[in-house]
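Presented below is the structure to which this report refers.
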Amino acid sequence: MLVTDRTLCPLERLAEVVADSVAAGVDAVQLREPGLPATEWLPVARDLRRVTAGRALLFINGDVALAHAVGADGLHFGERAAGEACPPGLLVSRAIHSATAAQAAERAGADLLVLGTLYPSRSHPGGQTGGVALVRAVTRVSTLPVLGIGGVTADNAGKVVAAGACGVAVISAILAPENPAAAARRLRAAVDTARTQQEQQSMITVTVNGQTCTLAAPLPLPALIAQLAISHPRIAVALNGTVLRQDEHAGTLVRDGDTLEIVRMVGGG
Amino acid sequence: MDDALVIGGRRFSSRLMLGTGKYRSMAEQAAAIEASGCEIITVAIRRLNLDNPNEKTLLDFIDWSRYQILPNTAGARTAEEAVFTAHLARELTGSEWIKVEVQPDPGSLLPDPIDTLRACETLVSEGFVVLPYIGADPILARRLQEIGCATVMPLGSPIGSGQGIQTLEEIRLIVAQATVPVVVDAGLGVPSDAAQAMEAGADACLINTAVAQAQDPAAMGRAMRLGVEAGRLARMAGRMPRHETATASSPVAGLVTR
């Protein structure tokens, strides 16, 4: 995710820089311009929508009416901002700084978490930083996608993803360099490499009804059932020889090496 | 006349239980279940076929609010496997009823008396309503009713054999001592077999293959229902004493002569 900042990229150049960055691998753009006069928001947002349409998600920081006016994909809120005003049909991205805030945001209906501050950054100098430990702490308790933010560069983005983030959000790593598109490409490559490694590491092998299956982890039991394309309404499941109650399925995590039996009724005497 | 069959606290007016294996089609199975008037239906528990995980059978369409479902542990070779299958069955069906079958020998399918008793002890202690399938052994039947089984289910002859009742004297002994319903299970081939079991004092019959593999399963379902009912009525009516020799039905006095 690219977060805008007119002190690094003037508004008159923003649409062009965003378009180049999206072409270079940015998947989402957050329009964040604190202190911008109200009259200037709309044309900027319209421009960004035009260059991101069909290519990248556009999030508007805090302004519900503006998000609707330009047909944005979602809204971004700060950790302490009230989210009730968010109408249905828009994604909600939420800034968070702790595992507790992640859980609160998830309960409040967020779709995406932007977690910071990971490293010392230009926009929050001298503040507290959490590094990859903070990423691990949050991704352990939350099922939502997490983007790491704060001092993220092509050099440390891989570590952020390896710690469990699904991607990164940056301002200066793309907007500060002479060539934003090249910077975006380097970041994207670092994220993609780390994600591929992460996925390979997180494949697990389980035995289901005597068959060996290799599946993506972490794997809650309902996800395993979905991955096996099972929609039969009447099944029972045993995990490593212990029969699970129906109400235990949702909270059960399947691990590497587990053995499952999934059974159904058949005709019999 | 209230002549209810009571198992595990539930009352049934039908004394014929039906199995659901080996039918040629869902339509024949549905018609047979309807014609038999049964209220208790047995099912087996098997692995979901991962290559066709959402395949439906008639069992997925039966209105289970109309029937007592009776899952079995058929295929279990040990007490432990039977208990495991029972646990799966309880989650699958939502019912505590379980027909315990432990068959270590796939050729004869004869029940293992020792592991059957062990499995029943465990399942009774866990709150299941336990209906064990057993050889027609009066001592084992007594032990099972003593530990709290809901019925005993002695076989008439081997499963699926249609040989009728080869164990009549043992079934009579089991009936004579019974404190729980006696259900004759396995081997019945025709309605006269069912009637014979009921006349001997059995409380119910469980039939599968004889109906499923009949030329006309629905007609045989109805025939079995009538056979069970006839045998039950005869048992209640009380049969006449047997005589060594003929005794004339017509008066011997006042014979017409010429």
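Lettering follows sequence order; numbering is per chain, from 1. Note: hydrogens, waters and symmetry copies are ignored here, and every other heavy atom, side chains too, is used.
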Per-residue tally against chain B (heavy atom, under 4.5 Å) across I235(A), V266(A), V208(A) peaks at V266(A)

Write down the atom of A119(B), the atom of A79(B), and the distance for their closest heavy-atom approach.
-> N-CB, 3.8 Å

What are the two closest non-hydrogen atoms of V135(A) and V160(A), and how far apart are they?
-> CG1-O, 3.7 Å

Tell me, please, which residues at least two apart from S108(B) pass side chain to side chain donor-acceptor pair (under 3.5 Å).
-> D105(B)

Is there a side-chain contact between Q163(B) and P158(B), using heavy atoms and a 4.5 Å cut-off?
-> yes

Minimal heavy-atom distance between A136(B) and T167(B), with the atoms involved, is CB-CB, 3.7 Å

Would you please name every residue forming a side-chain contact (heavy atoms from CB on, under 4.5 Å) with I60(A), sequence neighbours left out?
-> L31(A), A45(A), L58(A), D63(A), L66(A), A67(A), V70(A), A72(A), L75(A)

Roughly how far, to the nearest 0.5 Å, is CG of D115(B) from SG of C120(B)?
-> 10.5 Å

Produce the donor-acceptor pair table for chain B versus chain A, cut-off under 3.5 Å.
from	atom 1	to	atom 2	distance (Å)
T20(B)	N	G268(A)	O	2.8
T20(B)	OG1	G268(A)	N	3.0
T20(B)	OG1	G268(A)	O	3.3
T42(B)	OG1	G268(A)	O	2.8
A44(B)	N	V266(A)	O	2.8
A44(B)	O	V266(A)	N	2.9
R46(B)	N	R264(A)	O	3.0
R46(B)	O	R264(A)	N	2.8
R47(B)	NE	E261(A)	OE1	2.8
R47(B)	NH1	N209(A)	O	3.2
R47(B)	NH2	E261(A)	OE2	2.8
L48(B)	N	I262(A)	O	2.8
L48(B)	O	N209(A)	ND2	2.8
N54(B)	OD1	S231(A)	N	2.5
N54(B)	OD1	S231(A)	OG	3.2
N54(B)	OD1	H232(A)	N	2.9
N54(B)	ND2	A229(A)	O	2.9
N54(B)	ND2	S231(A)	OG	3.3
E55(B)	O	R264(A)	NH1	2.7
D60(B)	OD1	H232(A)	NE2	3.4
D60(B)	OD2	R264(A)	NH2	3.2
N72(B)	ND2	G269(A)	O	2.4
E91(B)	O	Q246(A)	NE2	2.8
E91(B)	OE1	Q246(A)	N	3.0
K99(B)	NZ	G269(A)	O	3.3

Check whether I69(B) gets within reach of chain A through its side chain, its backbone, both or neither, counting any heavy atom under 4.5 Å.
-> side chain

Quick one: salt bridge (charged side-chain N to carboxylate O under 4.0 Å, His left out) pairs with a partner in residues 201-226 of chain A, sequence neighbours left out?
-> none

Pick from L70(B), L50(B), I45(B) with the largest number of heavy-atom pairs that fall under 4.5 Å of chain A = L50(B)

Mind ranking A186(B), P53(B), G160(B), A44(B) by heavy-atom pairs under 4.5 Å with chain A and telling me who comes out on top?
-> A44(B)

